[in-house]
Q: 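Okay, handing you the structure first.
Whatever order the structure lists ligands and atoms in, that order sets their numbers, starting from 1. Computed from a predicted model, the values in this text were never measured in an experiment. These values consider heavy atoms only, across backbone and side chains, with no hydrogens, waters or symmetry-generated copies.
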Amino acid sequence: MRVLLVEDNEDDALLIRETLSETTIEIERAERLSTALEQLATGKFDAVLLDLSLPDAHGLETLGRMRRDGPSVPIVVLSGLNSEEVAVKAVEEGAQDYLIKGQTDGALLTRALRYAIQRHRAEENLKERNRELLILKKISETILGSLDLRSVIERILEEAMQSGSFDLGNIRLLDRSGEMLEVTTSRGYRDPENALRHRALSRTTASAKSSFGDRLFKEPCVKEQVQQGSGNRTLKMEGVESFIMVPVRAGGEVLGIFQLASRTPRKFRPEEVNLLETIGNQMGVAVQKAQLYEETRDQAIELKKANKGKDEFLTVMSHELRTPLNVIAGYAEMTKRGIFGEINAEQQNALGKILGHSKDLLGMIDGILQATKIEAEAVKVAKEEVALGELLNEIKSTYAGSLDKDLNLRWDYPSELPSVATDGEKLKHILQNLINNAIKFTDQGSITIYVGHLTDSGKVAFKVADTGIGISEEELPFIFEKFHQVDSSATRTYGGVGLGLFIVKKFIERLGGELSVSSELGKGSTFTVTLPIEL
Ligand code: ADP
């Protein structure tokens with residue numbers, strides 16, 4: 001053990017030397033603080049025995065300056081009997097221990113110095129761990145805080161460089177081919193062009209190209225004498241003396257490598273290498289997270305584009321289909337009415353079928369058009385005073401005598417119904433659709449259309465109840481989905497494309513209302529709509 005004794009008093013110094021003469025401790029002496037600091041700078045001392053009153057410093061100031069201006073070494077204060085109080089304060093301010101001059105023997109002094117060294121080492125270790133934790137915390141925060149790969153990587157490189165006071169650094173990441181590792185970020189280069197001069201490393205043929213071989217992708221690799229060794233042309237140009245290369249990994253996979261270099265020769269302690277390896281793993285997580293985000297974002301953009309294309313296609317197609325279909329229906333209608341000459345009953349019948357199917361087709365096309373608009377959020381809602389009684393009478397009249405089934409249509413609504421501020425066209429569409437469905441899916445029995453004013457809640461309720469085929473419990477949650485039909489087989493009995501209820505539900509939502517359904521297979525279904533009186 002080498003100890004620097006800082007003591008101006010000849011007698012006291014002699015006493016200490018004598019006390020330690022039987023031990024293995026080597027002693028050198030300084031008489032002033034200034035010379036003590038110079039001697040300490042050589043780094044060869046394990047501890048300091050410090051007298052607090054020197055020709056060029058006094059009391060606690062002596063300790064303060066030694067700790068501030070000198071390297072971090074354990075200090076044991078030497079105190080006179082009458083200045084013990086100051087010595088106690090010195091311990092509070094960072095000295096490891098104090099001894100009273102003249103009251104120690106060799107064994108005691110040796111033990112005090114040994115403990116001081118151990119305690120100091122433990123403290124330094126703790127400080128170092130704390131510093132590492134702080135660095136890792138900062139890096140974690142950086143990763144959590146941003147999704148932009150470039151800025152995250154730049155900040156991590158900065159932290160990593162600061163952690164060990166490195167002069168320059170670079171990060172190589174896998175390129176698009178997933179094969180080559182190229183420098184993507186760098187810091188501290190005297191000539192930034194140099195950063196780009198580093199050659200790309202191949203992930204698979206690394207052993208052939210790098211002096212570290214495959215080890216480079218498995219663990220940190222250190223080179224301590226760059227200028228004397230072969231290779232590393234670019235780093236030599238930058239005046240680098242030592243460097244470390246650390247793999248950037250996530251889930252066992254190598255995503256890159258970072259390199260930190262120093263222009264003064266340096267050694268790499270195992271703890272430091274460990275810390276940098278951890279930083280490499282954190283960087284891996286950051287890279288993976290950012291890449292995933294970028295992939296998802298690109299996919300979302302693609303999907304949006306595809307969706308837009310699909311919507312445009314549907315809109316154009318629907319318009320293009322409507323026009324000829326209207327012409328077909330128009331001519332069939334005129335022919336049926338005998339405008340182009342007399343026609344027989346069979347022809348009448350056939351034309352009726354053409355007309356009927358044209359109407360169905362038009363309905364489907366309208367449905368697709370509406371659904372596309374809904375998806376594109378291009379549905380506009382008008383707000384007007386709608387006299388409910390009048391609207392219902394109008395709807396009722398469209399069904400009078402038009403049913404070709406043995407069905408009883410019952411209209412149950414009071415003569416006095418309030419006006420509702422809503423979109424009349426949409427409400428009409430909703431009700432007609434529910435009634436048409438009820439008719440379509442009911443072969444016998446009745447359909448009841450009930451309307452009432454719920455005065456308590458300020459809402460109106462519409463119910464369309466049928467005695468038709470009903471819907472099973474499993475199917476019920478899905479009937480409002482786009483293109484969903486309970487029976488989607490090719491041989492199904494009922495026509496339609498499965499858009500009606502999807503549109504109805506969306507319209508009701510836009511009108512601020514709610515739609516519910518209850519149904520029992522084989523018994524019938526009831527659809528209930530509630531709408532606010534005020535939109
Ligand atoms: P569609 O054009 O097939 O009628 P809808 O969206 O209007 O499409 O209805 C979706 C599915 O819900 C229908 O295929 C049918 O299976 C079921 N459905 C709707 N209304 C009724 C009803 N009143 N009774 C029984 N099933 C119904």
Side-chain angles (χ1 to χ4, degrees), residues 314 317-318 321-322 325 356-375 379 392 395-396 398-399 402-412 425-451 461-511 513-531:
L314 279 176
M317 277 311 285
S318 304
L321 289 171
R322 277 171 69 97
L325 206 54
H357 283 292
S358 303
K359 226 172 105 190
D360 285 351
L361 255 182
L362 262 179
M364 288 182 203
I365 294 168
D366 279 346
I368 292 174
L369 208 64
Q370 284 291 3
T372 314
K373 267 197 196 165
I374 288 171
E375 301 261 278
V379 175
L392 287 166
I395 297 176
K396 186 176 167 184
T398 59
Y399 290 96
S402 72
L403 290 187
D404 48 10
K405 288 187 190 174
D406 182 20
L407 279 180
N408 184 9
L409 229 60
R410 290 204 292 239
W411 298 85
D412 177 7
E425 276 309 306
K426 298 232 161 28
L427 181 53
K428 192 165 147 188
H429 179 100
I430 292 165
L431 294 176
Q432 278 180 329
N433 226 284
L434 292 178
I435 297 168
N436 291 346
N437 269 354
I439 295 171
K440 184 157 86 180
F441 294 106
T442 308
D443 291 329
Q444 55 188 354
S446 65
I447 288 155
T448 309
I449 299 103
Y450 161 87
V451 186
F462 305 84
K463 270 187 208 295
V464 179
D466 64 52
T467 57
I469 61 169
I471 305 159
S472 70
E473 215 172 302
E474 303 84 70
E475 280 292 337
L476 220 51
F478 304 108
I479 57 170
F480 301 110
E481 279 175 12
K482 215 168 42 161
F483 297 117
H484 185 88
Q485 295 179 304
V486 172
D487 176 8
S488 55
S489 66
T491 54
R492 65 203 164 92
T493 331
Y494 308 98
V497 279
L499 281 174
L501 286 179
F502 170 76
I503 296 168
V504 162
K505 182 144 199 257
K506 293 284 175 195
F507 276 6
I508 293 172
E509 281 166 9
R510 290 299 308 270
L511 298 184
E514 278 166 33
L515 171 64
S516 63
V517 56
S518 67
S519 187
E520 202 178 326
L521 209 56
K523 292 233 165 102
S525 320
T526 302
F527 287 81
T528 307
V529 180
T530 47
L531 275 191

Q: At a 4.0 Å threshold, what atoms of ligand 1 neighbour a non-hydrogen atom of H484?
A: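 Result: 10 (C), 11 (C).
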
Q: Under the salt bridge (Lys or Arg N to Asp or Glu O under 4.0 Å) rule, collect the residues that match up with D443, sequence neighbours excluded.
A: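 Only K405 meet the salt bridge (Lys or Arg N to Asp or Glu O under 4.0 Å) criterion with D443.
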
Q: Side chain of D466, backbone of S525: donor and acceptor closer than 3.5 Å?
A: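 Between the backbone of S525 and the side chain of D466 there is a qualifying donor-acceptor contact (under 3.5 Å).
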
Q: Looking at side-chain heavy atoms only, is the closest gap between L515 and F480 below 4.5 Å?
A: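 Of all side-chain heavy-atom pairs linking F480 with L515, at least one is under 4.5 Å.
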
Q: Regarding ligand 1, does F502 bring an N or O atom to under 3.5 Å of one of the ligand's N or O atoms?
A: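 No, no N or O pair falls under 3.5 Å.
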
Q: I'd like to know whether NZ of K440 has more than 12 heavy-atom contacts from other residues, nucleotides or ligands below 6.0 angstrom.
A: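 It does: K440 NZ has more than 12 such atoms within range.
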
Q: Less than 4.0 Å is my threshold; does some heavy atom of G498 fall inside it relative to ligand 1?
A: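 Yes, G498 has heavy atoms under 4.0 Å from ligand 1.
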
Q: Quick check against the 3.5 Å criterion: does S446 have a side-chain atom that pairs as donor or acceptor with the backbone of L409?
A: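 Between the backbone of L409 and the side chain of S446 there is no qualifying donor-acceptor contact (under 3.5 Å).
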
Q: Where's the contact between F527 and ligand 1, heavy-atom distance under 4.0 Å: side chain, backbone, both or neither?
A: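 Answer for F527: side chain.
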
Q: If the contact criterion is a heavy-atom separation under 4.0 Å, does K440 count as touching ligand 1?
A: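 Contact present.
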
Q: Which one holds for V504 and ligand 1: side chain close, backbone close, both close, or neither close, with close meaning a heavy atom under 4.0 Å?
A: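 Neither; nothing of V504 gets under 4.0 Å from ligand 1.
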
Q: Which option out of I479, T442, T467 puts a heavy atom nearest to atom 12 (O) of ligand 1?
A: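 Looking at heavy atoms only, I479 sits closest to atom 12 (O) of ligand 1.
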
Q: Restricting to side-chain contact (heavy atoms from CB on, under 4.5 Å), what partner residues turn up for E509, sequence neighbours left out?
A: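 Scan of E509 (side-chain contact (heavy atoms from CB on, under 4.5 Å), adjacent residues dropped) gives K505, K506.
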
Q: With respect to I471, determine whether any N or O atom, backbone or side chain, lies less than 3.5 Å from an N or O atom of ligand 1.
A: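 Between I471 and ligand 1 (N or O atoms, distance only) the closest approach is not under 3.5 Å.
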
